[in-house]
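Below is one structure, written out as structure tokens; the observations come after it.
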Amino acid sequence: MNSQTYSAPAQDPLLTGLNDKQLEAVTLPHQSALILAGAGSGKTRVLTARIAWLIQTGQVSPTGLLAVTFTNKAAKEMLTRITASLPINTRGMWVGTFHGLCNRLLRAHHREAGLPASFQILDIADQLSVIKRLMKLMNVDDEKFPPKQVQNFINGCKDEGLRAHAVDAYDPHSQKMREIFEEYDKQCQRDGVADFAELLLRCYELLARDANIRQHYQSRFKYILVDEFQDTNQLQYLWLKLLTGHGDDAKHNCMFAVGDDDQSIYGFRGARVGNMRDFEKDFNIQHIVKLEENYRSHSNILDAANAIISHNTNRLGKNLWTAAGAGEPVRVYDAYNDTDEAQFIVDEIKMLHCEGTSLGDIALLYRSNAQSRILEHALFSANLPYRVYGGLRFFERAEIKHALAYMRLIANAHDDTALLRVINFPTRGIGARSLEQLQASARTDNCSIWQAAINKVGNGAFSTHGVNRAGTKGIEGFVALIRQMVDEAYGISLPELAELATTMSGLTAHYENDREGEDRIENLKELVTAAVSFTNQDFGNHNNVDGETEQDLLTQFLSHASLEAGEHQADVGREALQLMTVHASKGLEFKAVFISGLEEGLCPHEQSLYENSGLEEERRLMYVAVTRARQRLYLSHAQSRMLHGKVRYGIPSRFLDEIPEELLKRLNAKPVARSGGARDYSELPAMMSKQQSSNQKNAMPWKIGQQVAHSKFGNGVVVSYEGNANDMRVQVNFGREGLKWLALEFAKLIPI
DNA sequence: CTTACGTGAGTTTTT
DNA sequence: CTCACGTAAG
């Protein structure tokens, strides 16, 4: 390695504790580099140390670098760590998500980007409603063109950097899709809104089109650091290339990309693992550093993960190892059915908990959300506290979106999506007919619905005489309300504004009359609280750097609400088991991990087998799941499972076969006979639907929780067992005498 | 404008 | 099975 640029003093606090590879990555010379960071290899540490090191050695100023992540959480984490290691002000630093940074850039140059200063951001739900509305207007058959599919199409195109006109369409169906896409973009433009993908595409196009702005940022950002590079999509990569000045003749800036091709699990959303190889080639990467030392798991777990992932082809190549010992074997449980599987998990959790593992350090992972139900049921019955990740987040809740819609209308009443959301909520007698009329006149006049409403009720002076159609009164009321809100909003603080949006709109009153509105009112109050803390914490956070325009706090808050929808669930204080999909578990770690539902058809998922390289992504998913565990890993599968109201019989996942038997401890059944060669899975889908003869699980001699008496140790309770019918050992908790393993063959245990 | 019922779909989802 | 959504009736 070329170390002429800098030689690290060994005692440098930034660099102490780094292993050789980490140190190498952190102190790489001034060139683009690719860091292959395995799970639990200290990736974030390296990324932040790199930033700190670059700054501290004077190679770059804090404002001269850009660090981009996928999640707000990761961005925050990075900022926190930077602040902890360097006495610098992170304000004005460009550390954030792709969307957050693009938003920031677009706000600063909204005119050049062709957007209003207070443009709003559509989340997926908003976007879908725009599409549905538009399709109705265009008279498109939503049977032939399911709105969700249209949405995926539009986002998919944008993620590849394509506008409607650039999309190939040779058949009527795709031509229609393209047409909707085009109309959709026009509609958004008129509303002054941008969807998630639009933020990136708009930003990309701006940089591509406007040489001044491009060069400005290119000369500013000497270093670009990218986290989770394997998850970047086509457009994100193009954006990065543009920012580094890659396409231009001038020598380009440095890109420091950190990623793990084995953890690429978002291909279905447009992520391109291939970007890693492209990066290597496009940037003529001289430095690929592999971080393979894992600080998380014992080696049995890592070896299992390595074995599984080695079945993938075309990897960049990496093998995790650890200085920690082998640890416990990976436990495998062959359940009779899904209920049995859930019960097994509950029993094991009870035991782990008895032994002192805190519930919050235990995760239950599954491939699809539907699997959580049965687990929840079992946990609930056992009185075990749990927390399910997923579902609606704070800013996605209906009542919150309603309040935000009022706030959006205060910022810009021409926002059709916001208007339609609340024009009749709380109800004010505006029915479908009057709405249709409004939408129709908006379309004829090519104006916003707000404008159409104003035209209808007259500008300012309300004419209550003459023909008053049913809806007019309601519309008048709505127009007056919004105007009044805008008036009142003038000069007040953001929390006051949030308060205004929840009360003056009638939302609070509406929910007060609702029997089940209590929680919603609580949430609305919480929204005001969120506005308070946003005001305090983010005040000046987006200060004028570099000609950024001062955007009002309201717009900032609304962007924040869209871009950072909040935690998935708030009750963090309580000690609770963590239930989540494997996708949601990425980046997390737990002392003990249960991966359930390891059956063909579920994991790998049936659907994935029809997609090309679908199986490999499923395997990466399994790899991610396995590498979450620090000490103990349970893999379970059920011989039968209730799915879509029918009993399905599944065979164990092929991924189980890919783990060497010596790493496993089969908790009940005898190991599946290994046929030496690979199993033939080609006819699986057919097999799945057939009913196989189910071999009954061996009867367990001792159930967990069974009370027993022992001549020497006294009374106890069975907490665990292992082995098979001939050679069974049970673990018994004798209270004061402690936990004992007893071989059933010798120990005289009497059930009581 | 609610409420009830029928219908159909049902992987994963950082922003 | 279970949820979300759309349509019909009250």
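Chain naming here is simple, since letters A, B, ... match the order of the sequence lines and numbering starts at 1 in each.
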If you only use heavy atoms from C-beta on, which nucleotide in [options] is closest to the side chain of [X]?
| X | options | result |
| --- | --- | --- |
| A:T427 | B:dT13, B:dT2, B:dT14 | B:dT2 |
| A:D231 | B:dT13, B:dT15, B:dT14 | B:dT14 |
| A:H605 | B:dT11, B:dT13, B:dT2 | B:dT11 |
| A:T71 | B:dC1, B:dT12, B:dT15 | B:dT15 |
| A:R373 | B:dC1, B:dT12, C:dT2 | C:dT2 |
| A:S608 | B:dT15, B:dT14, B:dT11 | B:dT11 |
| A:K132 | B:dT15, B:dT11, C:dG6 | C:dG6 |
| A:E611 | C:dC3, B:dT11, B:dT14 | B:dT11 |
| A:Y266 | B:dT14, B:dC1, C:dC3 | B:dT14 |
| A:N424 | B:dT13, B:dT15, B:dC1 | B:dC1 |

Contact check, side chains of A:K76 and A:V95, non-hydrogen atoms, under 4.5 Å: no
Whether A:T427 side chain and A:N424 backbone form a donor-acceptor pair below 3.5 Å: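 No, the answer is negative, given that no donor and acceptor are paired below the 3.5 Å cut-off.
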In whole angstrom, what separates [X]'s [atom1] from [N]'s [atom2]?
| X | N | atom1 | atom2 | value |
| --- | --- | --- | --- | --- |
| A:F395 | B:dT15 | CZ | C1' | 15 Å |
| A:D142 | B:dA9 | CG | C1' | 15 Å |
| A:E396 | C:dA4 | CD | C1' | 16 Å |
| A:L588 | B:dT14 | CG | P | 12 Å |
| A:E143 | C:dT7 | CD | P | 10 Å |
| A:Q149 | B:dA9 | CD | P | 12 Å |
| A:M622 | B:dT12 | CE | P | 18 Å |
| A:N369 | C:dT2 | CG | C1' | 14 Å |

Ring centroid separation A:Y266 to A:H583 under 6.0 Å: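 Yes, the ring centres sit under 6.0 Å apart.
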B:dT12 glycosidic torsion: syn (within 90° of 0) vs anti: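 Because its glycosidic torsion lies more than 90° from 0, B:dT12 adopts the anti conformation.
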Test log, rule side chain to side chain contact (heavy atoms under 4.5 Å, CB included), inputs A:T555 and A:R107: CA-CA 10 Å; A:T555 302; A:R107 299 280 171 195; 3.1 Å; yes
Pairwise P distance for C:dC5 and B:dT12, with rounding to whole Å: 15 Å
Distance test, side-chain N/O of A:N72 to OP1/OP2 of B:dT15, below 4.0 Å: yes
Short side-chain N/O contact from A:T581 to OP1 or OP2 of B:dT13, under 4.0 Å: yes
Sugar-phosphate only, base, or nothing, as touched by A:T69 at under 4.0 Å among non-hydrogen atoms: nothing
Sugar-phosphate, base or nothing in reach of A:E618, heavy atoms under 4.0 Å: base
A:D142/A:K148 under salt bridge (Lys or Arg N to Asp or Glu O under 4.0 Å): CA gap, chis, key distance, verdict: CA-CA 10 Å; A:D142 58 5; A:K148 282 236 169 67; over 6 Å; no
Quiz item: A:R269 side-chain donor-acceptor pair to B:dT15 base, under 3.5 Å: yes
Residue among A:R654, A:Q607, A:R367 satisfying side chain to side chain donor-acceptor pair (under 3.5 Å) with A:E618: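 The residue from A:R654, A:Q607, A:R367 that satisfies side chain to side chain donor-acceptor pair (under 3.5 Å) with A:E618 turns out to be A:R367.
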Pi stacking test for A:F268 and B:dT12: under 5.5 Å apart, planes under 30°: yes
